[in-house]
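Both counts, for ligands and for their atoms, begin at 1 and track the order of listing. Here the structure is a predicted model, which is why all the values come from computation and not from measurement.
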Amino acid sequence: MEAVVQQVDAREILDSRGRPTVEAAVVLNTGHKGVASVPAGASTGTAEAMELRDGEPHRYGGWGCRKAVANVRGTIARALVGRSFAHQKELDAALIELDGTGRKERLGANAILAVSLAFARASAACRGIPLYEYASDMVGFRAARLPRPSVNLFSGGCHAGRQVSLQDVMLVPHAATIDDCLAMVFSVYQEAVRWCRERYGVRPLKADEGGLAPDFPSSEAMLDDAVRSIERAGLTPGRDMSLAVDIAATHFVKDTTYILDDESCDAEKLIARLEKWSERFPLVSIEDGLAENDWEHWPILQQKLGAKLVIIGDDLLCTQPARIEQAIRLGAAGGLLLKVNQIGTLSEAASAWRLAHDAGWHVCVSARSGETEDHWLADLAVAWGHSIKVGSLAQSDRLAKYNRLLEIEHQTGWPLWPVAARSTIHGVEDS
Ligand code: 2PG
Ligand code: MG
């Protein structure tokens, strides 16, 4: 007999930017309870599901979530309490139907996702399995590997007051365990702090995800500084530690002109610049190298660089199955940045994962720049990701996820995915 939903509740809590977000709780009649909170982006794609915000300028500058909370406690609770759901998909379908809009703007994707995740936690507890196993079961795939961390080192763009255009430079350690990866990243991060002090004469401030954000003279200087920090830590760039970048090009395009730092260029020139960077720097992936609607040029970027590194779509895909299908059809990317709150339910994100997996893509499960100390993301990344993007080794909203990964590693002893791994039929690829 399936468990019956006995109680659904929600409240406002604060995220890592001090803005309100939604935390929901679901209690089953077996007594099992799941609690989960949702993150929020800053550098968002236009195709993302809609967060419902109160828009009252005098309270949290309009970022309040009282309406979304009221929707969970009212409409959603009334619709769910007393019902049983055989699968996550059934619960999510009920939420989608209740909302009745394409982008979840009636009830709010933040309200809906909080309930979807809280139900998943309660159901996993009811079955006596960890959340990562529950998420694996949802897609019928168990790889028994851990996601390789992609850890934010330097930030620019929307995450750091736009001092340069390039949004994020991440470290991708080649070590064999999460434990060793994080220790390596720590030494590079500390060297980067020292190097920035020497070079820029300031203790670098931290951006939204804990990345260092000094006044880089250019985007390229961020990459130079990253390589320098790796070397100063006594590691070999490309052998011990590689780099990943989130160009976030959607956020510096005007019509068809990209304005990279102070330089205007068209898509071809930007692609040429990315090619040059891929030759000069140890890059293993490029995320959002072009803008979200530049469908014409993404296939060219993929053709030119896709064999050498992973071309990842974030704003381009927004974890939306229809956009992923289009990208597969056009050969526009080789990797999916999977963010559950871009689509709004766990089951829809699972459908996005399925498409990427079946296309032989890389899947990176990603946090948002506004996060909470909840760590469901780590479990999701273990189930679905070849890599995980969480931010820096800083701030408890980020560390909660790394600490959960360490816990899962301790419990399972599973090996990590190879650097820039891609899906295969069996889900395992030799390095
Ligand atoms: C991104 C994310 C995470 P945001 O662009 O990939 O770094 O940023 O959550 O602000 O969209
Ligand atoms: Mg991105």
| request: Indicate yes or no: does Asp374 engage Lys401 in a salt bridge with an N to O separation below 4.0 Å. | output: no
| task | Quick one: list whatever passes ring pair (Phe, Tyr, Trp, His ring centres under 6.0 Å) with Trp295, sequence neighbours left out. | result | none
| said: Does this structure show an ion pair linking Lys308 with Glu275, if we count only N-O contacts that are shorter than 4.0 Å? | reply: no
| said: Closer than 2.8 Å to the Mg ion (ligand 2): how many protein N, O or S atoms are there? | reply: 3
| request: Name the orientation class of the two ring planes belonging to His357 and Trp353 (parallel below 30°, tilted from 30 to 60°, perpendicular beyond 60°). | output: parallel
| request: Find out whether the Lys NZ or Arg CZ of Arg228 is both under 6.0 angstrom from the six-membered ring centre of Trp195 and within 45° of the ring's axis. | output: yes
Would you tabulate the side-chain donor-acceptor contacts of residues 204-211 under 3.5 Å, counting partners in other chains and residues two or more places apart, or write 'none'?
unit_1: Asp208; atom_1: OD2; unit_2: Arg17; atom_2: NH1; d: 2.6

| request: Determine whether the side chains of Gln88 and Ser123 contain a donor N or O and an acceptor N or O closer than 3.5 Å. | output: no
| query | Any idea which residues sit under 4.0 Å from ligand 1, heavy-atom distances? | reply | Gly41, Ala42, Ser43, His159, Gln167, Asp168, Glu209, Asp246, Glu287, Asp314, Leu337, Lys339, Ala367, Arg368, Ser369, Lys389
| Would Phe119 and Leu80 count as a side-chain contact (heavy atoms from CB on, under 4.5 Å) if you check the C-alpha gap in whole Å, the side-chain angles of each, and the deciding distance to 0.1 Å? | CA-CA 11 Å; Phe119 176 82; Leu80 302 187; over 6 Å; no
| query | Relative to Trp417, does Arg148 satisfy both conditions: NZ or CZ under 6.0 angstrom from the six-membered ring centre, and within 45 degrees of the ring's axis? | reply | no
